[in-house]
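All chains are named by letter (A, B, ...) in the order of the sequence lines, taking the proteins before the strands, and each is independently numbered beginning at 1. Note that these values count all heavy atoms, side chains included, but never hydrogens, waters or copies made by symmetry.
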Number of protein chains: 2
Amino acid sequence: MKDTDDKLTSRNIKPTAMRELVLDILTEQKMAISLSDLEQKFHKSDRVTLYRTLKTFEEKKLIHSIDDGTGAVKYALCKETCQCHPEELHVHFLCLKCQHTFCLSDIPIPSINLPVNFSVENINMVVKGVCSNCKD
Amino acid sequence: MKDTDDKLTSRNIKPTAMRELVLDILTEQKMAISLSDLEQKFHKSDRVTLYRTLKTFEEKKLIHSIDDGTGAVKYALCKETCQCHPEELHVHFLCLKCQHTFCLSDIPIPSINLPVNFSVENINMVVKGVCSNCKD
DNA sequence: AAGTTTATGCAACTGAGTTGCAAACTAATC
DNA sequence: GATTAGTTTGCAACTCAGTTGCATAAACTT
């Protein structure tokens with residue numbers, strides 16, 4: 001738990017039992033998960049608490065949210081030092097077969113030449129297709 | 001109405017009074033609009049009909065949908081010949097001040113080098129920031 | 001230990017998206 | 001132009017994600 005605690009405190013999040021649990025679950029995931037997904041990892045849980053936990057984590061940039069168009073926002077861990085600035089963001093991939101959403105952490109979002117006087121704060125880029133697992 | 005009718009029939013959509021009206025409204029818009037926005041352009045209207053009209057239009061590629069993360073999917077007209085293939089897609093912009101969502105029709109979505117054995121079918125790319133109108 | 005702040009759990013609500021069904025409309029055939 | 005078949009429209013009702021308010025429980029302060 002020491003490790004988990006450190007991750008929380010280093011992001012200025014008070015380490016409660018609930019939060020440690022949620023962070024551990026998020027750490028285990030190979031893919032992004034939604035609030036409902038998270039809920040189902042618990043035998044007994046309160047959606048609202050999980051919801052607020054995710055919100056807190058996102059605010060403190062411990063996790064980032066991905067709107068992949070499936071109707072439920074998904075969440076995945078940020079890298080240690082991530083501040084979620086536009087230059088740090090990566091592409092996400094939604095597999096239309098297995099419905100899993102991945103971080104393509106190695107693929108940065110290409111920079112865009114916006115029209116004059118437009119400024120960027122955030123970018124959401126989701127590629128939809130078929131992942132290597134589902135390709136046969 | 002001739003013009004509107006032609007646009008519908010050329011996309012294999014039967015031109016009903018309702019559909020002509022919706023297409024006309026969509027044509028007038030400078031920005032993408034949601035189902036709720038559309039609903040409010042009518043004095044008396046049925047959400048479900050408008051919903052289904054938008055679905056039909058999208059299926060026939062007369063319009064495309066944009067998930068800008070605001071919770072409501074927005075819609076905008078496609079170009080005449082658009083088939084909504086990945087290479088044809090453009091970037092969208094959500095202004096965090098005026099909350100308007102624009103097509104940046106001149107800015108194609110940059111192509112991405114996906115990991116091996118990943119294939120693309122669609123891409124949603126939304127840049128969020130402040131538009132030139134709201135910048136002061 | 002008392003008091004203050006913060007987190008949790010429950011109930012309840014909103015709003016987008018959706019489905020089923022019956023009535024209205026359109027198109028096709030005789 | 002009446003009959004039928006297929007399509008579109010309108011209404012009711014539902015699901016599900018996200019959200020708020022409030023009361024209790026836990027953690028932190030002095």
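- No close placement of the A:Phe57 and A:Tyr75 rings is indicated, their centers lying 6.0 Å or farther apart.
- Counting to the nearest Å, the C1' atom of C:dT8 and the CG atom of A:Leu21 are 14 Å from each other.
- Between A:Thr56 and C:dA7 there is no side-chain polar atom (N or O) within less than 4.0 angstrom of OP1 or OP2.
- Note: CD1 (A:Ile13) to P (C:dT6) measures 15 Å, nearest angstrom.
- Between A:Lys55 atom NZ and D:dG18 atom P the separation is 9 Å, expressed in whole Å.
- In this structure, the CG atom of B:Leu54 is 15 Å from the P atom of D:dT8, given to the nearest Å.
- The aromatic rings of A:His92 and A:His64 are tilted relative to each other, their planes meeting at an angle between 30° and 60°.
- Checked by atom type, the side-chain pair B:Thr27/B:Asp24 shows no donor-acceptor distance below 3.5 Å.
- What separates OH of A:Tyr51 from C1' of D:dT20 is a distance of 9 Å, to the nearest Å.
- Exactly one residue among B:Leu77, B:Leu23, B:Ile33 makes a side chain to side chain contact (heavy atoms under 4.5 Å, CB included) with B:Ile63. That residue is B:Leu77.
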Strictly under 3.5 Å: I want the nitrogen or oxygen pairs between protein and nucleotides 20-29 of chain C, one per line.
unit_1 : atom_1 : unit_2  : atom_2 : d
C:dG20 : O6     : B:Arg52 : NH2    : 3.0

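- If you check the side chains of A:Ser65 and A:Glu58, you find a donor sitting under 3.5 Å from an acceptor.
- Listed nucleotides C:dG9, D:dT9, D:dG18 differ in distance to B:Arg19; the shortest reach to its side chain belongs to D:dT9.
- Listed in residue order, the members of residues 59-73 of chain A having a heavy atom less than 4.0 Å from DNA chain D are A:Gly71, A:Ala72, A:Val73.
- Residue A:Ser34 is out of contact with every strand shown, counting any heavy-atom pair closer than 4.0 Å.
- Between A:Asp46 atom CG and D:dG18 atom P the separation is 15 Å, expressed in whole Å.
- As a whole-Å value, the separation of B:Leu38 CG from C:dA16 C1' is 14 Å.
- The interatomic distance linking A:Lys44 (NZ) with C:dT8 (P) rounds to 13 Å, in whole Å.
- Using a 4.5 Å cut-off on side-chain heavy atoms (C-beta onward), B:Lys74 and B:Asp67 make no contact.
- Across C:dA16, D:dA17, C:dG9, the shortest atom-to-atom separation from the side chain of A:Ser36 is found for D:dA17.
- Using a cut-off of 4.0 Å between Lys/Arg side-chain N and Asp/Glu carboxylate O, B:Lys128 and A:Glu121 are scored as not salt-bridged.
- Here the side chain of B:Glu88 pairs a donor or acceptor atom with the backbone of B:Gln83 at under 3.5 angstrom.
- The side-chain heavy atoms of A:Cys82 and A:Lys61, taken from C-beta on, include no pair separated by under 4.5 Å.
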